[in-house]
Amino acid sequence: MDFRLTRDQEALRRGMRDLLAARFGREELRAAVDGADGAEGADRVAGAAGADRAAGTDRSNAGEGADRAGERSVPGGRLWRELGAAGLFALRAPERSGGVGSGLPEAVLVFEEAGRALLPGPLVATELAGSTGLVPGAAEGTVPVTALAGARAGDCALVEHLASAGAVLLLEEGRPARVLDPAAPAAVPMRSADPLTPLHRVRAPLPGPDRAPYRSADGSADGAVDGGEGAAPDGGVLLLEGALLAAAQQLGSARRTLELAVGYAREREQFGRPIGSFQAVQHLCAGMLVRSETARSVVYAAAVTADEAEIRAAKLLADTAAVDNARDCLQVYGGTGFTWEADVHLHLKRAWLRAEQWCAAAGSEERLASALLRPAGR
Amino acid sequence: MDFRLTRDQEALRRGMRDLLAARFGREELRAAVDGADGAEGADRVAGAAGADRAAGTDRSNAGEGADRAGERSVPGGRLWRELGAAGLFALRAPERSGGVGSGLPEAVLVFEEAGRALLPGPLVATELAGSTGLVPGAAEGTVPVTALAGARAGDCALVEHLASAGAVLLLEEGRPARVLDPAAPAAVPMRSADPLTPLHRVRAPLPGPDRAPYRSADGSADGAVDGGEGAAPDGGVLLLEGALLAAAQQLGSARRTLELAVGYAREREQFGRPIGSFQAVQHLCAGMLVRSETARSVVYAAAVTADEAEIRAAKLLADTAAVDNARDCLQVYGGTGFTWEADVHLHLKRAWLRAEQWCAAAGSEERLASALLRPAGR
Amino acid sequence: MELAYTRDDEEFRTRLRSWLAAVLPTLPPRPDPLDWPARRAYDMGWQRRLYDAGYAGLHWPQAAGGRGATPVQHLIFLEETEAAGAPYVGAGFVGLLHAGPTIAAEGGPAQRARWLPPILRGEEVWCQGFSEPEAGSDLASLRTRAVRSGDSYVVTGTKIWTSHAEVADWCELLVRTDPEAPRHRGLTWLALPMDAPGVTVRPLRTLAGSQEFAEVFLDEVRVPVGNRVGAENDGWRVTMVTLSFERGTAFAGEVVACRRTLRQLARRAQRDGRWEDPALRRRLGRLNAEFTALWRLVQWNVSEAAHALRHGGSGVPGAGGSVFKLRYSHARQELYETAAAVLGPGSLDLAEEWTRERLSSLSYTIAAGTSQIQHNIVAERVLGLPRGR
Amino acid sequence: MELAYTRDDEEFRTRLRSWLAAVLPTLPPRPDPLDWPARRAYDMGWQRRLYDAGYAGLHWPQAAGGRGATPVQHLIFLEETEAAGAPYVGAGFVGLLHAGPTIAAEGGPAQRARWLPPILRGEEVWCQGFSEPEAGSDLASLRTRAVRSGDSYVVTGTKIWTSHAEVADWCELLVRTDPEAPRHRGLTWLALPMDAPGVTVRPLRTLAGSQEFAEVFLDEVRVPVGNRVGAENDGWRVTMVTLSFERGTAFAGEVVACRRTLRQLARRAQRDGRWEDPALRRRLGRLNAEFTALWRLVQWNVSEAAHALRHGGSGVPGAGGSVFKLRYSHARQELYETAAAVLGPGSLDLAEEWTRERLSSLSYTIAAGTSQIQHNIVAERVLGLPRGR
């Protein structure tokens with residue numbers, strides 16, 4: 001047992017961090033936000049008497065601002081293709097299929113970096129589609145894939161980046177994964193709280209085979225699947241893998257807001273000294289580290305074991321770490337953090353969103369409770 | 001509207017505080033604890049090979065140590081008779097029945113002082129019995145009365161001070177209050193966590209009229225009830241009044257542990273200065289004040305309005321204030337607070353106990369939730 | 001412990017309620033939240049109606065043109081207007097609740113005559129220029145400089161978190177006149193005309209996406225010496241006198257509103273089938289207890305303030321308000337966190353007012369003194385713990 | 001990221017497991033918790049068996065008579081002994097985990113030869129005399145005085161929170177030898193024979209009612225100068241070297257035990273009908289996640305320690321341990337609060353082990369550095385925030 005990262009893993013992480021710093025640094029992030037914001041902003045003032053209002057924006061398209069503006073980071077756009085070339089979406093595909101042949105741990109490290117950088121787009125579903133080969137073009141980053149994941153009858157499920165997606169993964173426990181046409185789900189656009197993640201809501205019952213799926217993943221429709229290996233992967237398995245990758249993003253975000261808070265606490269002076277010398281601020285920051293270190297240990301372990309209970313535990317703790325760290329970072333920043341210009345709110349909103357996606361808390365808590373009643377292994 | 005205490009109320013509170021300081025100060029408190037502890041301690045070492053073990057203590061009597069030792073404060077003993085003479089148990093009885101003729105607000109102030117002083121004994125039930133005249137001798141403090149309150153079929157209910165009680169109030173919602181013989185409930189002694197409150201547990205279904213009640217409060221058995229006014233009070237009403245008096249005790253405890261913490265934080269030095277000058281300790285203490293002030297406002301208001309929802313709100317907030325303040329006081333005291341000799345644990349244990357008595361949290365939360373669905377009055 | 005209102009107070013309430021019932025249907029439609037001039041017009045129109053009906057400056061001293069009402073009547077006013085859905089004080093906030101009372105308490109006769117009546121009549125809007133980018137929790141560290149030059153001060157600096165700056169006529173400004181003096185000394189209170197040359201207002205967008213606030217940039221703005229209230233270098237005292245001119249009524253209307261909001265949330269939970277979740281129900285039940293208690297805490301503080309006023313004091317000390325603010329800030333955030341739990345995925349939808357209010361609620365533990373600062377105030381000023389270092 | 005164990009480690013585990021399966025049934029019955037001599041005999045008997053089987057001083061360097069096992073093997077040892085229900089280290093705690101390692105690192109050859117073998121063989125019990133009534137969080141403020149007199153130090157003072165003092169042969173004692181020196185200077189480490197004249201042990205009762213701890217009163221106790229480890233006035237460094245001789249394994253056995261306890265609690269909830277309460281179920285589910293994560297955090301810290309050791313370090317710095325301790329203390333308290341919620345009224349019954357453990361768990365945020373102090377350590381030493389004043 002040596003839980004630490006291997007040299008290759010460290011190098012992979014460093015490579016992804018450098019790539020994102022070069023291609024999606026703070027400037028690109030804010031450009032993407034401003035782009036999305038322009039469209040959304042135009043929508044917001046519709047109906048207002050403001051002199052500079054932008055007229056004629058169709059409300060149903062408002063959420064797609066993120067895709068239209070901030071050109072580089074548009075799903076399927078230039079950055080996505082670069083990320084695809086770097087292997088982000090095919091890390092776990094076998095090398096013979098053009099993938100990298102890595103495992104979940106490597107995917108987790110890379111997604112942690114994506115979460116840290118607030119990289120937008122339907123990354124998780126595209127990785128699942130790319131690594132399983134379910135959707136051609138996903139691995140290369142040219143066909144963004146989104147997901148309808150784990151919704152049960154009566155649920156109201158979120159779908160992100162539907163307008164820019166080339167396919168929708170439909171993931172249900174106990175059934176093979178299916179690939180739907182993005183036009184298939186009866187989706188209603190939302191005004192997304194996360195400026196970089198346009199959202200639709202879909203109310204289950206979900207579209208069945210009779211509703212013209214883009215392609216059914218069991219091979220019954222056109223197109224071969226997964227290099228011709230036949231049976232589509234189980235929806236429940238992909239759901240858990242997706243939850244783990246989302247947890248990794250949450251972890252990256254939690255560690256980033258900790259960095260932001262500590263940096264600010266060192267620089268910002270009030271009452272003649274850095275606020276980081278006040279116990280109240282120190283304890284907020286220390287609590288943030290405790291959260292992110294604890295979440296990290298279980299996220300990495302879940303990547304190694306791929307155990308259902310452990311993945312659910314990882315998602316629970318990473319959700320809490322991301323949301324609570326963003327909240328505490330905001331508190332450390334004070335008024336500065338309450339501005340649109342600070343990045344804190346982007347982390348908080350994305351963390352809120354991801355906590356609702358890919359196995360939300362209540363369901364996982366129930367599963368983890370039930371697991372306690374089963375005889376313990378050693 | 002003038003929410004502040006009247007002069008008479010201030011005087012009443014001051015009188016009770018002075019009386020308790022004179023008759024049940026810290027020395028008497030610790031003597032009572034040591035007395036109870038001697039009996040309980042003897043029980044604890046039974047079976048041990050310790051040289052000083054006391055042999056032959058019947059485990060089933062262990063909980064009654066509090067009643068046998070610490071003579072002054074034994075329910076029904078000298079202090080109780082003095083408190084009876086001061087009106088503690090008949091504050092709300094009409095003057096023509098020998099009571100004080102006060103209202104719930106006065107009872108709340110007096111019970112707040114009792115909670116502050118950690119006065120032992122079945123005070124709440126005895127006051128209910130004394131003020132309603134349900135049990136002769138209750139008002140005078142010569143007949144301690146305990147209660148079986150609000151237990152539903154299948155519940156396991158706590159009864160305190162059963163061995164020293166002369167009667168048991170059986171309080172059920174929607175039914176008249178009844179008075180039972182202390183021998184009636186099939187009670188099993190517990191090893192009480194609170195050294196000053198011996199406990200039994202009774203499993204519902206509770207004893208019915210066929211099981212030889214001491215006296216049925218609807219007048220069907222011997223003895224006139226409530227000055228001959230006929231119908232016994234509703235069990236649900238007494239249950240709520242009991243909850244309010246218990247909340248008042250919790251409030252007194254919460255305010256006391258705040259005083260203790262602040263006093264200790266001012267005196268105790270570490271790192272060359274009073275620990276109360278450290279923000280971490282300051283914030284613990286400030287949080288305690290916020291809890292006790294908020295709880296106070298709703299406890300006092302509930303005493304005025306006697307509204308069910310408000311009483312339940314008062315009990316919820318007072319329970320939380322008492323328990324959390326005791327916890328934080330312990331944290332401020334550090335190791336010192338972890339000793340048996342410090343009073344902190346007595347407050348914590350009593351607060352835990354009272355939180356389980358007289359309307360526990362889950363039921364009240366449900367009621368308060370349902371109340372939100374009813375049309376709001378103004 | 002008397003929660004019933006006196007006959008006088010009940011009559012006040014009845015009159016107010018009748019008036020509200022009559023006047024509210026006559027109001028124009030609410031303006032768009034992004035249309036500042038329309039909002040100003042709406043808020044000033046409401047203030048004018050209050051003035052005409054004798055409710056303007058309810059809690060101001062009669063000598064300042066107010067009604068000299070008791071804190072209890074002020075509380076009734078806030079409760080009834082909120083319950084009736086009347087407009088908020090809006091653009092009148094700073095004038096009525098801070099700048100006006102400051103001028104009433106510390107201004108000269110001419111200043112009072114010039115500035116107070118237009119506030120009461122809804123003719124002039126004030127904004128507040130206290131906070132600065134480098135002076136948040138530590139207001140005394142503010143850097144905006146004012147240099148005396150003849151009959152004027154020449155003011156240069158940046159103010160932040162200023163509400164209604166876009167439509168304000170005046171700004172109550174705290175500036176540094178003596179850079180050599182210790183932090184709390186050397187500050188001066190000025191009334192800045194917002195149309196003075198050198199004043200630039202830039203909207204400040206919050207994380208909630210709203211533009212309720214602005215930054216105000218001051219570039220060698222000349223402010224006549226006659227616009228100074230109080231002595232030069234005495235601005236800290238002048239300001240603090242009024243900041244503690246608080247009679248337990250702060251946030252009182254909001255507590256009334258939160259209680260209504262909570263009932264709406266419960267009905268929403270019922271509608272969406274979320275009521276079946278006992279954990280959520282209990283959370284709602286506990287919030288009911290919480291806001292019940294907070295309303296009583298308001299009444300307690302108002303009673304204390306009324307008592308203090310009757311005995312010559314000015315109202316509750318700011319520290320009592322800190323206890324309330326700490327609890328209320330937390331309760332309000334918990335209310336909207338609970339709303340998010342009720343909405344589930346819908347909590348990500350900005351079309352839901354719940355979502356927008358959840359974002360706004362994040363400011364409550366930061367604005368007007370972070371919860372960290374409030375804890376310090378309570379520990380040191382109320383509990384008398386030794387000062388931290 | 002490798003969670004699988006090496007073949008060597010798996011063989012170590014298999015051998016240990018077989019040995020435990022063979023030896024545990026042969027142990028005498030557990031002694032009564034209040035019978036100190038019986039407890040000593042039991043714990044020392046277990047240590048002797050470990051010694052005979054080659055497991056004594058597993059993590060000690062071989063030069064000190066230990067096995068020089070890796071931190072990973074130490075972790076396996078803690079996991080397997082806990083899982084098998086083997087005895088705890090008990091009365092051997094201070095000798096094996098603190099005083100022994102201190103002597104191994106800082107003692108002279110004669111001192112090592114005198115004190116280390118009896119610790120490993122289970123022949124001598126050590127206790128710890130660090131904390132004092134006036135020196136809790138601030139250990140450097142300790143006041144117990146030691147005055148040099150010929151070949152001895154004459155020691156006077158009071159030590160508190162000393163475990164196993166009643167049956168200890170030796171006490172590792174931190175005393176002040178230079179009252180003029182700054183707080184952390186002027187301290188000296190001494191090995192005190194507990195049978196020396198002037199030593200009085202008084203049991204200290206905790207709020208849990210137990211007497212696990214004692215106060216030790218020292219009245220002009222003579223300690224030979226030869227019992228000093230390290231230089232005079234260098235005791236702080238000597239002590240801290242060993243306090244940070246921590247390889248991520250602290251509380252590892254407890255985490256294994258908590259996970260078992262949590263499963264028992266779930267079954268208890270099921271038995272008592274409390275499983276029907278979804279709020280309670282979810283709380284148990286979240287605890288499952290929490291302790292899963294804590295176990296992984298232990299493995300992470302052990303891996304870091306093993307790596308550091310391989311590269312010449314001494315193990316994890318104490319600050320990494322602070323992160324773990326903060327989280328674990330809170331999780332343990334939450335575990336027993338949840339147990340109280342499961343038990344309801346039964347949570348007031350001391351006959352329930354849950355109730356007694358709930359009381360004991362209260363010490364976790366206080367003992368060995370309060371959570372407040374741990375937060376400071378994390379903020380300043382790990383995050384590098386500026387020192388508080």
Side-chain angles (χ1 to χ4, degrees), chain A residues 1-6 9 103 105 108-109 258 262 265-266 273-274 276-279 281-291 293-305 309-310 312-317 320 361-362 364-376 378, chain D residues 1-6 9 72 75-76 83 259-260 262-263 265-267 270 275 278 280-290 292-304 306-307 320 322-324 326-327 330 372 374-380 382-389:
Chain A
M1 186 207 65
D2 186 355
F3 201 171
R4 292 171 319 118
L5 275 55
T6 63
Q9 288 170 337
V108 155
L109 293 174
L258 168 63
V262 168
R266 281 206 196 103
R273 52 177 167 131
S277 69
F278 289 95
Q279 246 186 345
V281 174
Q282 291 189 336
H283 289 198
L284 279 174
C285 293
M288 293 170 75
L289 180 72
V290 170
R291 274 187 217 113
E293 288 293 287
T294 312
R296 179 174 67 159
S297 64
V298 67
V299 169
Y300 288 4
V304 174
T305 64
E310 190 141 36
R312 289 186 180 273
K315 179 67 168 32
L316 273 182
L317 266 76
T320 305
S364 286
E365 285 167 356
E366 287 283 7
R367 300 286 186 100
L368 286 162
S370 301
L372 291 171
L373 295 175
R374 288 196 290 273
R378 273 295 295 279
Chain D
M1 288 190 213
E2 182 55 80
L3 292 175
Y5 291 83
T6 62
D9 288 341
V72 172
L75 181 65
I76 292 171
R259 298 183 77 181
R260 187 180 56 228
L262 181 60
R263 289 192 297 271
L265 182 59
R267 286 193 291 271
Q270 201 182 29
W275 195 256
L280 200 50
R281 279 202 310 272
R282 285 185 219 157
R283 199 168 165 187
L284 289 164
R286 189 162 279 266
L287 276 170
N288 188 0
E290 182 70 23
T292 300
L294 280 166
W295 174 248
R296 298 309 188 185
L297 188 55
V298 165
Q299 289 185 313
W300 182 271
N301 285 339
V302 166
S303 293
E304 291 282 2
H307 175 77
S322 290
V323 168
F324 176 80
L326 277 167
R327 186 84 181 202
H330 186 267
Q372 282 70 32
Q374 303 288 356
H375 273 109
N376 278 12
I377 291 172
V378 170
E380 295 175 6
V382 186
L383 297 176
L385 287 171
R387 283 208 57 171
R389 273 179 280 180

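Please read all numbers here as calculations on a predicted model, not as lab measurements. Protein chains get the first letters and strands the later ones, always in sequence-line order, with residue 1 at the start of each.
In this structure, CG on Leu316(A) lies 10.0 Å from CD on Glu290(D), to the nearest 0.5 angstrom. Atom CZ of Arg273(A) and atom CZ of Arg387(D) lie 12.0 Å apart (nearest 0.5 Å). Taking OH of Tyr5(D) as the start and CG of Asp2(A) as the end, the distance is 11.5 Å to the nearest 0.5 Å. Distance check: Thr305(A) OG1 to Leu3(D) CG gives 7.0 Å after rounding to the nearest 0.5 Å. Between atom CG of residue Leu383(D) and atom CE of residue Met288(A) there is a gap of 9.5 Å, rounded to the nearest 0.5 Å. Note that the CE atom of Met1(D) and the CZ atom of Phe3(A) stand 7.0 Å from one another [nearest 0.5 Å].
Partners of Glu366(A) under the side chain to side chain donor-acceptor pair (under 3.5 Å) rule, at least two apart in sequence or in another chain, are Arg281(D). Residues meeting the salt bridge (charged side-chain N to carboxylate O under 4.0 Å, His left out) test with Asp9(D), sequence neighbours left out: none.
In this structure, the portion of Gln270(D) lying under 4.5 Å from any heavy atom of chain A is its side chain and not its backbone. Contact annotation for Ala4(D): only backbone heavy atoms (N, CA, C, O) come within less than 4.5 Å of a heavy atom of chain A. Only the side chain of Leu258(A) comes within contact range of chain D, judged by heavy atoms closer than 4.5 Å. Contact annotation for Thr320(A): only side-chain heavy atoms (C-beta onward) come within less than 4.5 Å of a heavy atom of chain D. Heavy atoms of Trp295(D) lying under 4.5 Å from chain A are absent altogether. Looking at Glu380(D), only its side chain comes within 4.5 Å of chain A, counting heavy atoms on both sides.
Contact count against chain D (heavy-atom pairs under 4.5 Å) is highest for Arg296(A) among Arg291(A), Arg296(A), Gln279(A). Each of Ala286(A), Ala314(A), Ala303(A), Gly287(A) has some count of heavy-atom pairs under 4.5 Å with chain D, and the biggest count is that of Ala286(A). Most heavy-atom pairs under 4.5 Å with chain D: of the set Ala309(A), Pro105(A), Ala313(A), this distinction falls to Ala313(A).
The shortest distance between side-chain heavy atoms of Arg4(A) and Glu304(D) falls below 4.5 Å. Counting heavy atoms from C-beta outward, Asn376(D) and His283(A) have side chains that approach closer than 4.5 Å.
Across Leu287(D), Thr292(D), Asn288(D), Leu284(D), a single residue satisfies side chain to side chain contact (heavy atoms under 4.5 Å, CB included) together with Leu368(A), and that is Asn288(D).
Here the closest non-hydrogen pair linking Ser303(D) and Met1(A) is OG-CE, 3.5 Å. Contact detail for Arg286(D) and Ala361(A): the closest heavy-atom pair is NH2-CB, 4.0 Å. For the residue pair Ala293(D) and Ser297(A), the shortest heavy atom distance occurs at O-OG, 3.3 Å.
Between Arg327(D) and Glu293(A) no salt bridge is recorded (no basic side-chain N to carboxylate O distance below 4.0 Å).
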